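Written below as structure tokens is the structure these notes are about.
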Amino acid sequence: MKQVTASGQTVKDAVQSALVQLNTTEDHVDIEVIEEGKKGMLGLFGSKRAIVKVTVKEDPVEQAAMYLKEIAEAFSSDVVVSTKVDNHAVTFELSGEKIAMIIGKRGQTLNALQHIVQVMINRQSDTRFRVVVDAEDYRSRRAATLEQLANRLADKALKTKKLVTLEPMPSYERKVIHSALQHQSGVETFSDGQEPNRHVVIKPLKK
């Protein structure tokens with residue numbers, strides 16, 4: 001945590017001095033006024049300088065990236081975390097030699113990491129962030145697999161004229177299934193069950 005105590009003839013002067021020392025701007029700091037200061041007689045006698053304590057606000061995205069790296073290093077010591085921020089969407093991309101261990105079976109470990117980071121970053125920030133934790137482009141490859149699965153099971157529902165229930169999935173994977181079939185004629189999709197066992201059901205429509 002970067003923090004300095006500075007003084008000046010006025011609170012404004014003291015804050016400006018602190019900002020220069022911290023090489024930052026006022027919107028990135030918390031300011032605590034320790035002493036308001038006073039001019040004294042004739043502006044000379046009995047005067048007191050203003051004193052402030054200025055602390056740089058912790059960046060929740062940077063903190064989350066560091067936290068994620070610490071956890072990921074338990075799987076692979078050479079893991080690298082890169083961060084991309086687009087408005088309120090944050091993507092953390094992991095890379096390393098043992099990345100498959102971090103992804104886990106069907107992305108379960110990666111999903112758990114994403115949930116932990118999502119909770120952490122939004123607990124520390126006034127801004128609500130949408131977090132994605134990816135590894136070696138796993139998310140796009142998984143989405144392509146889910147789209148193929150959705151189309152195959154939609155065909156099955158049409159042929160058998162019966163409901164087809166998919167395995168439990170996290171919400172964003174269920175969304176891939178819904179999106180893949182939203183324009184598919186003859187079927188509709190809905191989610192059923194309670195977390196963590198919530199799943200997609202493909203329903204054939206009566207002609």
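Bear in mind that the values here come from a model prediction, so they are computed numbers and not experimental data.
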Any sub-3.5 Å donor-acceptor pair from [X]'s side-chain atoms to [Y]'s backbone N or O?
X	Y	result
Asp59	Val61	yes
Ser17	Asp13	no
Glu93	Glu136	yes
Ser140	Asp137	yes
Lys53	Gln3	no
Asp30	Val54	no
His183	Leu181	no
Thr160	Lys156	yes
Tyr138	Gly107	yes

Report task. Please step through salt bridge (charged side-chain N to carboxylate O under 4.0 Å, His left out) for the pair Arg142 and Glu173, ending with a clear verdict. Result -> CA-CA 9 Å; Arg142 174 65 171 165; Glu173 290 194 348; 3.1 Å; yes
Starting at [atom1] of [X], measure out to [atom2] of [Y] and round the result to the nearest 0.5 Å.
X	Y	atom1	atom2	result
Ile102	Leu113	CD1	CG	7.5 Å
His88	Asp86	NE2	CG	10.5 Å
Lys69	Thr83	NZ	OG1	11.0 Å

Report yes if some heavy atom in the side chain of [X] is under 4.5 Å from a heavy atom in the side chain of [Y]; otherwise report no.
X	Y	answer
Gln114	Val132	yes
Thr109	Met101	no
Lys2	Thr55	no
Ile31	Glu26	yes
Leu19	Thr25	no
Phe129	Pro60	yes
Val187	Leu158	yes
Arg139	Leu110	yes

[X] and [Y]: same hydrophobic cluster, using ILVMFWY side-chain contacts below 4.5 Å?
X	Y	value
Ile71	Ile99	yes
Met169	Val133	no
Val80	Val90	no
Val176	Val131	no
Met66	Ile121	no

- Ignoring hydrogens and angles, state whether a donor on the side chain of Gln118 or Arg123 is under 3.5 Å from an acceptor on the partner side chain. no
Which heavy-atom pair separates [X] from [Y] by the least distance, and what is that distance?
X	Y	result
Ala180	Asn151	O-OD1, 4.3 Å
Arg198	Gly193	NH1-O, 2.6 Å
Met120	Tyr67	SD-CD2, 3.2 Å
Ala14	Ala50	CB-O, 3.9 Å
Ile202	Ala150	CD1-O, 4.1 Å
Asn122	Thr127	OD1-O, 3.6 Å

- Stepwise salt bridge (charged side-chain N to carboxylate O under 4.0 Å, His left out) check, Glu36 with Lys48: CA-CA 8 Å; Glu36 290 280 356; Lys48 285 187 178 180; over 6 Å; no
Output yes when Glu195 and Arg174 qualify as a salt bridge under the 4.0 Å nitrogen-oxygen rule, no when they do not. yes
